[in-house]
Amino acid sequence: MPELPEVETVRRGLAPAMIGARIETVELRRGDIRFPFPPRFRERLTGKRITDVARRAKFLLVKLDSGETLIAHLGMSGSFRIEDERVGEFYTPRSKDPKHDHVVLRLDSGKTITFNDPRRFGFMDLAEDGGLDAHPRLAGLGLEPLSDSFDAARLAALLASSGAPLKSALLDQKRIAGLGNIYACEALWRAKLSPFRPAGRLARARGGPTKAATALAEAIRAVLKEAIDAGGSTLRDHRQADGALGYFQHSFDVYDREGKPCRRTGCRGTIARDMQSGRSTFYCRRCQK
DNA sequence: AACACCCCCTGTCGGC
DNA sequence: TGCCGACAGGGGGTGT
């Protein structure tokens with residue numbers, strides 16, 4: 001479930017295995033994932049040393065000593081796997097479906113980093129030295145919800161121009177970058193806000209953000225932070241199992257809980273599911289207004 | 001300009 | 001048991 005917390009969890013897993021290492025070989029098992037690989041992709045990676053592994057919204061950013069940056073997106077089903085050739089098969093069982101291993105990076109540390117993506121909605125790209133912020137895949141992205149500058153006032157301002165329902169606006173990566181279908185639903189539930197409420201109306205208050213915007217900003221930050229904390233703790237266990245980085249099961253308050261009781265203390269509502277712009281929205285009619 | 005809609009692709013699950 | 005449609009964490013392109 002690669003939304004911001006999952007991508008951040010993957011980043012934290014990859015960073016210690018990748019930073020400082022040199023890429024010795026790049027194996028592409030096909031010519032494209034969702035998009036074709038950029039020109040001279042293998043050459044631009046091979047022999048380069050990795051200086052950092054960062055994240056912007058749901059994008060992983062692998063910084064190279066050439067100044068270029070490898071941009072990776074997990075799409076819906078992408079994951080990375082770390083294997084250590086020096087340790088061997090006992091600690092690193094094979095993936096269940098190696099047929100979806102599309103990219104294999106062999107590092108001089110002896111570790112192998114494999115990108116696996118059954119649905120191939122993920123992709124990789126390269127940004128030239130100095131061209132990361134202007135790269136077409138990143139240029140239009142909105143505010144990082146976990147950055148210091150994200151607060152109720154900024155959230156309200158970002159939603160002010162929207163005529164869309166609140167949940168659709170939260171999924172718009174040009175406004176807030178990193179929320180996906182799960183955490184948009186979860187944040188709205190926490191803030192007791194209906195996903196159908198007009199987003200632009202959250203902004204309109206004299207002298208500052210509305211109570212709803214304040215609650216929503218806090219809910220977004222809290223739900224993302226908690227998910228990252230949960231992923232971080234799950235990560236260690238998961239890696240002992242098979243070295244895979246990508247999917248972690250969390251327990252959600254509303255997502256995928258259609259027909260089940262609302263978990264809010266004192267609320268007797270039942271979780272409903274509706275479609276909004278083609279995606280499922282889970283919410284409680286009783287306590288989300 | 002700012003939406004809503006459809007599509008990309010594979011796998012899984014529930015209903016018949 | 002098998003088949004078939006619905007649906008799945010995302011986002012890019014198109015049409016209104």
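Every chain is numbered from 1 and lettered A, B, ... according to where its sequence line falls, protein lines coming before strand lines. Please read all numbers here as calculations on a predicted model, not as lab measurements. As a basis for the values below, the full set of heavy atoms in this structure was taken, side chains included, without hydrogen atoms, waters or symmetry mates.
Using bins of under 30°, 30° to 60° and over 60° for the plane-to-plane angle, the ring pair H100(A)/H102(A) lands in the perpendicular bin.
Taking atom P on both nucleotides, dC3(C) is separated from dC9(B) by 24 Å, rounded to a whole Å. dA6(C) sits 13 Å from dC6(B) when the P atoms are compared, rounded to a whole Å.
Within 3.5 Å, no donor on the side chain of R279(A) pairs with an acceptor on the base of dA8(C), nor the reverse.
Scored by the side chain to side chain contact (heavy atoms under 4.5 Å, CB included) test, R55(A) finds L4(A), V7(A), E8(A), R11(A), E144(A) as partners (sequence neighbours excluded). Partners of P261(A) by side chain to side chain contact (heavy atoms under 4.5 Å, CB included), not counting sequence neighbours, listed by chain and number: R257(A). In this structure D172(A) satisfies the salt bridge (charged side-chain N to carboxylate O under 4.0 Å, His left out) test together with K174(A), R175(A), sequence neighbours excluded. S277(A) pairs by the side chain to side chain contact (heavy atoms under 4.5 Å, CB included) definition with S168(A), not counting sequence neighbours. Legend: residues meeting ring pair (Phe, Tyr, Trp, His ring centres under 6.0 Å) with F150(A), ordered by chain and number and at least two apart, are absent. Residues passing the side chain to side chain contact (heavy atoms under 4.5 Å, CB included) test with A222(A), sequence neighbours excluded: R190(A), E218(A), E226(A).
Both R273(A) and F121(A) lie near DNA chain C, and the one whose nearest nucleotide falls closer to the 5' end is R273(A).
Note on residues 263-289 of chain A: pairs passing ring-ring contact (aromatic ring centres under 6.0 Å, His included), not counting sequence neighbours, are F196(A)-Y283(A), Y255(A)-F282(A). Each salt bridge (Lys or Arg N to Asp or Glu O under 4.0 Å) pair with one or both residues in residues 280-289 of chain A, not counting sequence neighbours, appears once here: D274(A)-R285(A). Applying the ring-ring contact (aromatic ring centres under 6.0 Å, His included) test to pairs two or more places apart or on separate chains, none has a residue in residues 151-174 of chain A.
Contacts of K174(A) with the nucleic acid, taken as non-hydrogen atoms under 4.0 Å apart, are absent.
Taking every nucleotide of DNA chain B with any atom under 4.0 Å from a non-hydrogen atom of chain A, the first and last of them, 5' to 3', are dC3(B) to dG11(B).
A salt bridge links E83(A) with R81(A): the distance from a Lys NZ or Arg NE/NH1/NH2 to an Asp or Glu carboxylate oxygen falls below 4.0 Å.
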Problem set entry | Pairing string, 5' to 3', for DNA chain B - Watson-Crick or wobble contacts under 3.5 Å, brackets [ ] where pairs cross, | to another strand | .|||||||.|||||||
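At whole-Å resolution of the value, CD1 in I182(A) and P in dG11(C) are 13 Å apart.
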What are the atom names and distances for every N/O pair under 3.5 Å that joins the protein to nucleotides 12-16 of chain C?
from, atom 1, to, atom 2, distance (Å)
dG12(C), O4', R34(A), NH2, 3.1

